[in-house]
Amino acid sequence: FFQLVIEEIFNVDFGMFVYNEDQNIFWFNSTSFENDGQFTLIGIMLGLAIYNSTIVDVHFPPVVYRKLMGKKGNFKDLAEVDPTLAKSLQELLEYKEDDIEDVFMQTFQIGYKDVFGSTLTHDLKENGSQITGTQENKQEFVNLYADFILNKSIQKQFRAFRRGFQMVVNESPLKNLFQPEEIELLVCGSKVFDFNALETATEYDGGYTAEHRTIRNFWEIVHEFSEEQKRKLLQFTTGTDRVPV
């Protein structure tokens with residue numbers, strides 16, 4: 001049930017999220033037309049997944065879980081969302097020559113695209129189009145750019161999403177007990193396949209035991225599977241190709 005709902009919510013045709021094929025991740029669409037309630041629903045679903053010990057196939061970058069725990073995204077997180085942009089900004093930071101203004105020709109006004117592919121502009125600070133990037137202010141430019149992409153541009157959508165998540169987990173000690181990376185594991189499971197641990201943790205019923213010939217044959221075959229076959233087996237039996245915590 002969770003997985004079917006999640007798949008519908010993350011359908012790019014709804015325009016709530018944008019999908020990065022290279023990274024295989026979803027990110028909040030800053031120009032989405034959906035109301036706050038839709039994003040609140042997604043937060044509730046993630047909270048309920050944790051509450052019900054259900055692994056869901058959600059492809060968020062790790063920075064989303066840090067933001068859920070009250071942290072703000074910064075330049076270090078940008079590579080998780082847009083590695084191409086992060087690389088370009090890193091090159092700007094590492095450039096030491098005096099002709100930086102001529103080479104990069106960058107002002108404090110940036111452009112981005114909406115759901116229709118139209119280019120929009122945004123001033124990172126007042127009169128940004130009139131402020132040229134220099135060696136002296138390039139760090140400020142990079143910080144403001146990352147803050148816009150990770151925080152300000154999606155503030156409305158993420159606030160609703162976080163509100164929904166907190167509606168479910170607010171009374172729990174989740175925030176005090178877990179790091180953001182561990183929250184991600186609770187929601188999505190682990191990408192690390194340890195099928196020996198899975199065999200040890202498996203419980204049997206219907207007259208079967210760990211020593212039953214059928215069970216022993218099963219694990220003998222499974223341990224010979226390729227990573228892709230193991231992934232497909234998990235998807236078939238649990239609804240997701242991630243390993244539960």
Side-chain angles (χ1 to χ4, degrees), residues 9-10 12 14-36 38-40 42-43 46 58-95 100 103-165 180-181 183-184 187-188:
I9 289 173
F10 282 87
V12 291
F14 287 142
M16 296 177 68
F17 296 92
V18 290
Y19 179 63
N20 185 320
E21 290 188 14
D22 294 333
Q23 298 291 104
N24 190 27
I25 60 165
F26 287 93
W27 184 246
F28 295 83
N29 182 0
S30 61
T31 60
S32 171
F33 295 122
E34 297 296 336
N35 58 44
D36 288 3
Q38 300 286 64
F39 287 96
T40 301
I42 302 170
L46 253 63
V58 175
H59 296 271
F60 277 140
V63 64
V64 167
Y65 299 95
R66 290 193 282 277
K67 285 170 66 67
L68 274 177
M69 295 294 101
K71 302 178 186 295
K72 290 184 69 174
N74 56 44
F75 177 58
K76 291 181 180 179
D77 304 316
L78 188 60
E80 300 170 1
V81 176
D82 193 334
T84 302
L85 174 60
K87 183 180 178 181
S88 297
L89 293 178
Q90 185 63 45
E91 289 174 354
L92 173 64
L93 289 176
E94 293 174 354
Y95 194 81
I100 186 171
V103 172
F104 288 91
M105 294 186 292
Q106 179 65 59
T107 68
F108 273 66
Q109 184 181 79
I110 60 171
Y112 62 101
K113 295 186 181 297
D114 64 11
V115 287
F116 301 112
S118 302
T119 299
L120 306 176
T121 59
H122 172 77
D123 284 354
L124 295 175
K125 56 192 303 185
E126 190 174 356
N127 298 320
S129 61
Q130 308 301 318
I131 304 173
T132 304
T134 65
Q135 288 289 4
E136 289 71 31
N137 64 20
K138 65 181 182 181
Q139 184 66 62
E140 180 189 17
F141 170 78
V142 167
N143 292 340
L144 288 173
Y145 203 156
D147 183 51
F148 175 73
I149 296 294
L150 300 176
N151 303 309
K152 290 182 177 177
S153 67
I154 61 163
Q155 185 174 9
K156 178 174 175 286
Q157 294 86 347
F158 191 85
R159 185 191 296 125
F161 169 72
R162 188 166 184 256
R163 185 190 310 126
F165 184 77
E181 295 78 13
I183 300 294
E184 181 180 9
V187 173
C188 304

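Residue indices begin at 1 and follow the sequence shown.
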Asker: Do the side chains of His59 and Tyr19 get nearer than 4.5 Å, heavy atoms only?
Answerer: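 No. Closest side-chain heavy atoms not under 4.5 Å.
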
Asker: Report yes if the distance between the aromatic ring centroids of Phe165 and Tyr65 is under 6.0 Å, otherwise no.
Answerer: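 Not under 6.0 Å, so no.
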
Asker: Do you know which two heavy atoms are closest between Thr31 and Gln157, and how far apart they sit?
Answerer: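 Heavy atoms only, the tightest pair is N-NE2, 4.3 Å.
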
Asker: I'd like to know whether the aromatic ring centres of Phe104 and Phe141 sit less than 6.0 Å apart in this structure.
Answerer: no

Asker: Does Glu181, at its CD atom, have more than 12 non-hydrogen atoms belonging to other residues, nucleotides or ligands within less than 6.0 Å?
Answerer: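 It does: Glu181 CD has more than 12 such atoms within range.
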
Asker: Nearest heavy-atom pair of Ala160 and Phe39: which atoms, and what distance?
Answerer: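 Minimum heavy-atom separation between Ala160 and Phe39: CB-CB, 3.9 Å.
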
Asker: Are Phe161 and Val64 close enough that some pair of their side-chain heavy atoms sits under 4.5 Å apart?
Answerer: yes

Asker: Run the side-chain contact (heavy atoms from CB on, under 4.5 Å) test against Lys152 and tell me which residues pass, sequence neighbours left out.
Answerer: Asp147, Phe148

Asker: What are the two closest heavy atoms between Ile131 and Asn137, and how far apart are they?
Answerer: CG2-ND2, 4.1 Å

Asker: Which atom names give the shortest non-hydrogen contact between Gly133 and Ile100, and what distance separates them?
Answerer: O-CG2, 4.4 Å

Asker: Work out which heavy atom in Lys67 is nearest to a heavy atom in Gly73; give both atom names and the distance.
Answerer: CG-N, 4.2 Å

Asker: Please lay out, stage by stage, how Phe26 and Met16 fare under the test side-chain contact (heavy atoms from CB on, under 4.5 Å).
Answerer: CA-CA 10 Å; Phe26 287 93; Met16 296 177 68; over 6 Å; no

Asker: Is the distance from the ring center of Phe17 to that of Phe28 below 6.0 Å?
Answerer: yes

